[in-house]
Trainee: 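First the structure, then my questions, so here it is.
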Amino acid sequence: MNKISNLFKGDKVVWMIFFILCLVSIIEVFSASSFLTFKGGSYLGPLIRHTFYILLGVLTMIVIVNIPCKYFKVFTFPYLFVSFVLLIAVYFIGESTNGANRWISIAGVNFQPSELAKGALVLAVAQILSAMQTDKGADKQAFTLVMITCAFIIPLIFVENLSTAALLSFVVFCMMIVGRVPFSQLGKLVGVVVIIASLALASIMLFGNDKKEMTAEGKAKTELVESTVAEEKEDKNMISSVLHRMDTWKGRINEFFAPEVAPEDYDLDRKAQVAHANIAIVKSNGIGRGPGNSEERDFLSQAFSDFIYAIIIEEMGIAGAALVAILYVILFWRAGAIARNCANTFPAYLAMGIGMLLVVQAMFNMAVAVGMAPVTGQPLPLISRGGTSTVMNCVYIGVLLSISKSAKKRDSKKTMQPAAA
């Protein structure tokens, strides 16, 4: 018994949340994978594959938990450099999925470089903010170094995955607030971002073509996000990629801000994802239909990934959906508690960065599923079906657990700011 308990070291609450989310994930992915079951001809195939990645993630977590968090600094530059190279490589040897070049295959293993890059950037920012702390907050040069580091990562993600770039930028901004970067610098950054975002939005609406309004015969296309993985040989040029994604972005913006219409006038083909997500929520009747009893999983594109929260609501009801949301809130609270207990700033900032990275993405995914945000390709961390994302999210949890286990603890009797280390 002691040998088993020794494997699961670190914050017990985080471990508990992790296992509950994994249990929910296995149940709901199995339920929501009817399309994959039909396509692959195997009833248990999707479940076995997803469970394999979860187990791989757990093994990776156990390894990481046993690495003292002070050694994470050693991996910062190599991790950042590899992420940068892979983000460049994906434009030349990457595979196109759902109209975007996001996947790369090495030795037969497919993965998304953006998933690796998210953790690399958070790790680098935590180290910069820690190394440049003074008694009055972060040195002004810390802001410059963070911006330079972000310039090598975020624009490369932005071209093919706007939502991931935006969420990662928000996490970095929050980390700078926690890292006591001068508000004068943060204020200027907000102003610049507002101007750039306004110009980008204007460009998208001016130059983008809403694909859902264009067909050879005037018939609207179905959802841009398809259930199948298409391998397309397209121009890898970055400029053409941006122009191509503008069409997708404009379509999603127009769809989100489109005025409500009567049920009989609703175009179910044109707005299939949003429509079936809403239908799934309504069919729950508040109490849920029970695990495995979803009907909309057969009609909802990406029911096992981007829209799995809608399936959770349909099957588990409002109470079950609220429980999942609360688990993420508790996870963020525990990340904050772990950070406050750290005597040194590096593990504290890294813990907060990891917590925000997971929880911000989770909340955005939920907002999309219930119609409070435009449709994006963000999976629900630790629940949605995935390969790279599942393993990497386990890695992030492992880092958080390692910090809770090995970081030098702060003396509760002292009120001074954690020392940089």
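Sequence positions, counted from 1, serve as the residue numbers for this chain. Note that the structure is a prediction, hence the values are computed from the model and not measured.
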Trainee: Measure the shortest side-chain to side-chain distance between Arg334 and Lys12 over non-hydrogen atoms and say whether it is less than 4.5 angstrom.
Mentor: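 No, side chains not in contact.
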
Trainee: Work out which heavy atom in Val359 is nearest to a heavy atom in Tyr328; give both atom names and the distance.
Mentor: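 For Val359 versus Tyr328, the nearest heavy atoms are CG2-O, 3.4 Å.
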
Trainee: Quick check against the 3.5 Å criterion: does Arg385 have a side-chain atom that pairs as donor or acceptor with the backbone of Glu28?
Mentor: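 Not a single qualifying donor-acceptor pair exists.
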
Trainee: Would you say Arg289's side chain and Gly317's backbone share a donor-acceptor pair under 3.5 angstrom?
Mentor: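 No, the answer is negative, given that no donor and acceptor are paired below the 3.5 Å cut-off.
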
Trainee: Is it the case that the side chain of Ser406 and the backbone of Ile403 share a donor-acceptor pair, with hydrogens and angles ignored and the cut-off at 3.5 Å?
Mentor: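 Side chain of Ser406 to backbone of Ile403: no pair is present.
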
Trainee: Determine, for Phe346 and Lys70, whether the Lys NZ or Arg CZ falls below 6.0 Å from the six-membered ring centre while staying within 45 degrees of the axis.
Mentor: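 Lys70 over Phe346 ring: no.
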
Trainee: Please give me the minimum heavy-atom distance between Leu380 and Asn365, naming the atom from each residue.
Mentor: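 What the structure gives for the nearest pair is N-ND2, 3.4 Å.
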
Trainee: Strictly by salt bridge (charged side-chain N to carboxylate O under 4.0 Å, His left out), give each pair with a member in residues 112-130 just once, sequence neighbours left out.
Mentor: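 Every salt bridge (charged side-chain N to carboxylate O under 4.0 Å, His left out) pair that includes a residue of residues 112-130, provided the two are not neighbours, is Glu115-Lys118.
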
Trainee: Can you confirm whether more than 12 heavy atoms, excluding those of Phe170, are under 6.0 Å from its CZ atom?
Mentor: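 No, CZ of Phe170 has 12 or fewer neighbouring heavy atoms, counting only those of other groups under 6.0 Å.
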
Trainee: If the condition is ring pair (Phe, Tyr, Trp, His ring centres under 6.0 Å), which residues does Tyr53 pass it with, not counting sequence neighbours?
Mentor: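 In terms of ring pair (Phe, Tyr, Trp, His ring centres under 6.0 Å), with neighbours along the sequence ignored, Tyr53 is linked to no residue.
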
Trainee: Is there a donor-acceptor pair closer than 3.5 Å between any side-chain N or O of Thr76 and the backbone N or O of Lys73?
Mentor: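 Looks like yes, one N/O pair under 3.5 Å.
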
Trainee: Look at atom NZ of Lys408 and say whether more than 12 heavy atoms of other residues, nucleotides or ligands are closer to it than 6.0 Å.
Mentor: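 At most 12 heavy atoms, drawn from other residues, nucleotides or ligands, come within 6.0 Å of this atom.
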
Trainee: Kindly check if the number of other-residue, nucleotide or ligand heavy atoms within 6.0 Å of CE (Met16) is above 12?
Mentor: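 Atom CE in Met16 is not packed in, count stays at 12 or less.
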
Trainee: Locate the shortest heavy-atom distance separating Asp11 from Val13; write the atom from each residue and the value.
Mentor: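 Nearest pair, atom of Asp11 first, then Val13: OD1-N, 3.0 Å.
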
Trainee: When you compare the side chains of Thr345 and Gln133, does any donor N or O come within less than 3.5 Å of an acceptor on the partner?
Mentor: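 The criterion, which ignores hydrogens and geometry beyond distance, is not satisfied for Gln133 and Thr345.
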
Trainee: Can you name the closest pair of heavy atoms from Ile26 and Leu47 and give their distance?
Mentor: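 Smallest interatomic distance, heavy atoms only, reads CG2-CD1, 3.4 Å.
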
Trainee: Contact between Thr51 and Phe30 at the side-chain level, heavy atoms closer than 4.5 Å - yes or no?
Mentor: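 Thr51 vs Phe30: side chains apart.
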
Trainee: To the nearest 0.5 Å, what is the distance between CD1 (Ile153) and CD1 (Ile148)?
Mentor: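 Atom-to-atom, Ile153:CD1 and Ile148:CD1 are 13.5 Å apart.
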
Trainee: When you measure from the side chain of Glu296 to the backbone N and O of Ile279, does any donor-acceptor pair fall under 3.5 Å?
Mentor: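 Between the backbone of Ile279 and the side chain of Glu296 there is no qualifying donor-acceptor contact (under 3.5 Å).
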
Trainee: Flag the pair Phe72 / Gln127 as yes when at least one side-chain heavy-atom distance between them is below 4.5 Å, and no otherwise.
Mentor: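 No, side chains not in contact.
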
Trainee: Indicate yes or no: at least one non-hydrogen side-chain atom of Phe332 is less than 4.5 angstrom from one of Met352.
Mentor: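 They are in side-chain contact.
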
Trainee: For a 4.5 angstrom cut-off between non-hydrogen side-chain atoms, does Ile312 reach Ile383?
Mentor: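 Yes. Closest side-chain heavy atoms under 4.5 Å.
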
Trainee: So do the side chains of Ile195 and Ser198 get within less than 4.5 Å of each other, counting heavy atoms only?
Mentor: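 In short, these two side chains do not touch, never coming nearer than 4.5 Å.
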
Trainee: Output yes when a side-chain donor or acceptor of Thr134 lies under 3.5 Å from a complementary backbone atom of Gly137, and no otherwise.
Mentor: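 Yes, because the side chain of Thr134 sits within donor-acceptor range (under 3.5 Å) of the backbone of Gly137.
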
Trainee: What are the two closest heavy atoms between Ile313 and Ala321, and how far apart are they?
Mentor: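 Looking at all heavy atoms of both residues, the shortest contact is CG1-CB, 3.5 Å.
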
Trainee: Checking Asn161 side chain against Ile157 main chain: does a donor-acceptor pair fall under 3.5 Å?
Mentor: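 Not confirmed, Asn161 side chain does not pair with Ile157 backbone.
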
Trainee: How long is the straight-line distance from CD1 of Ile338 back to OG of Ser404, given to the nearest 0.5 Å?
Mentor: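 Result: 4.5 Å between the selected atoms.
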
Trainee: Could you check if a side-chain atom of Ile67 sits within less than 4.5 angstrom of a side-chain atom of Val399, using non-hydrogen atoms only?
Mentor: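 A side-chain contact is absent here, since even the closest heavy-atom pair is not under 4.5 Å.
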
Trainee: Walk me through whether Leu189 and Gln185 qualify under side chain to side chain contact (heavy atoms under 4.5 Å, CB included).
Mentor: CA-CA 6 Å; Leu189 176 62; Gln185 292 180 313; over 6 Å; no

Trainee: For the CG atom of Leu350 and the CG atom of Leu400, what is their distance to the nearest 0.5 Å?
Mentor: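 Going from CG on Leu350 over to CG on Leu400, the span is 8.5 Å.
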
Trainee: If you take all heavy atoms of Ser25 and His50, which pair is closest and at what distance?
Mentor: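 Distance-wise, the nearest heavy atoms are OG-NE2, 2.6 Å.
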
Trainee: Check step by step if side chain to side chain contact (heavy atoms under 4.5 Å, CB included) holds for Phe158 and Ser169.
Mentor: CA-CA 10 Å; Phe158 169 84; Ser169 299; over 6 Å; no

Trainee: Nearest 0.5 angstrom please: Met392 CE to Thr60 OG1, how far?
Mentor: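 Going from the CE atom of Met392 to the OG1 atom of Thr60 covers 9.5 Å.
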
Trainee: Nearest 0.5 Å, please: how far is CG in Leu162 from CG in Leu167?
Mentor: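 Between atom CG of Leu167 and atom CG of Leu162 there are 9.0 Å.
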
Trainee: Going by the side-chain hydrogen bond (donor to acceptor under 3.5 Å, both in side chains) test, which pairs reach into residues 308-322, not counting sequence neighbours?
Mentor: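 Matches after skipping sequence neighbours: Ser31-Glu315, Ser294-Glu314.
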
Trainee: Main chain of Leu116, side chain of Tyr79: is a donor-acceptor contact present, judged purely on distance under 3.5 Å?
Mentor: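 Side chain of Tyr79 to backbone of Leu116, a donor-acceptor pair under 3.5 Å: yes, one is there.
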
Trainee: I'd like to know if the side chain of Ser130 reaches the main chain of Ala126, judged simply by a donor and an acceptor atom lying under 3.5 Å from each other, with no hydrogens or angles considered.
Mentor: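 Checking the backbone N and O of Ala126 against the side chain of Ser130, no donor-acceptor pair under 3.5 Å is found.
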
Trainee: Take Asp306 and Gln378 through the test side chain to side chain contact (heavy atoms under 4.5 Å, CB included) and record every step on the way to the result.
Mentor: CA-CA 6 Å; Asp306 302 350; Gln378 294 299 317; over 6 Å; no

Trainee: With Phe19, which residues qualify under ring pair (Phe, Tyr, Trp, His ring centres under 6.0 Å), at least two apart?
Mentor: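 Applying ring pair (Phe, Tyr, Trp, His ring centres under 6.0 Å) to Phe19 gives Phe8, Trp15.
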
Trainee: Verify side chain to side chain contact (heavy atoms under 4.5 Å, CB included) between Val193 and Phe173, making sure each step is shown before the conclusion.
Mentor: CA-CA 11 Å; Val193 169; Phe173 183 80; over 6 Å; no

Trainee: So, using salt bridge (charged side-chain N to carboxylate O under 4.0 Å, His left out) as the criterion, who are the partners of Asp139 when residues are at least two apart?
Mentor: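 Per chain and number, Asp139 pairs via salt bridge (charged side-chain N to carboxylate O under 4.0 Å, His left out) with no residue.
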
Trainee: Look at the side chain of Gln112 and the backbone N and O of Thr388, then say whether any donor-acceptor pair between them is shorter than 3.5 Å.
Mentor: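 A pair under 3.5 Å: no.
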
Trainee: Ring pair (Phe, Tyr, Trp, His ring centres under 6.0 Å) with Phe152: which residues, sequence neighbours excluded?
Mentor: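 In terms of ring pair (Phe, Tyr, Trp, His ring centres under 6.0 Å), with neighbours along the sequence ignored, Phe152 is linked to Phe84.
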
Trainee: Do Val14 and Leu331 have side-chain heavy atoms sitting under 4.5 Å apart?
Mentor: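 Yes, side chains in contact.
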
Trainee: Nearest 0.5 Å, please: how far is CG in Leu358 from CD1 in Ile354?
Mentor: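 Taking CD1 in Ile354 and CG in Leu358, the distance rounds to 6.5 Å.
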
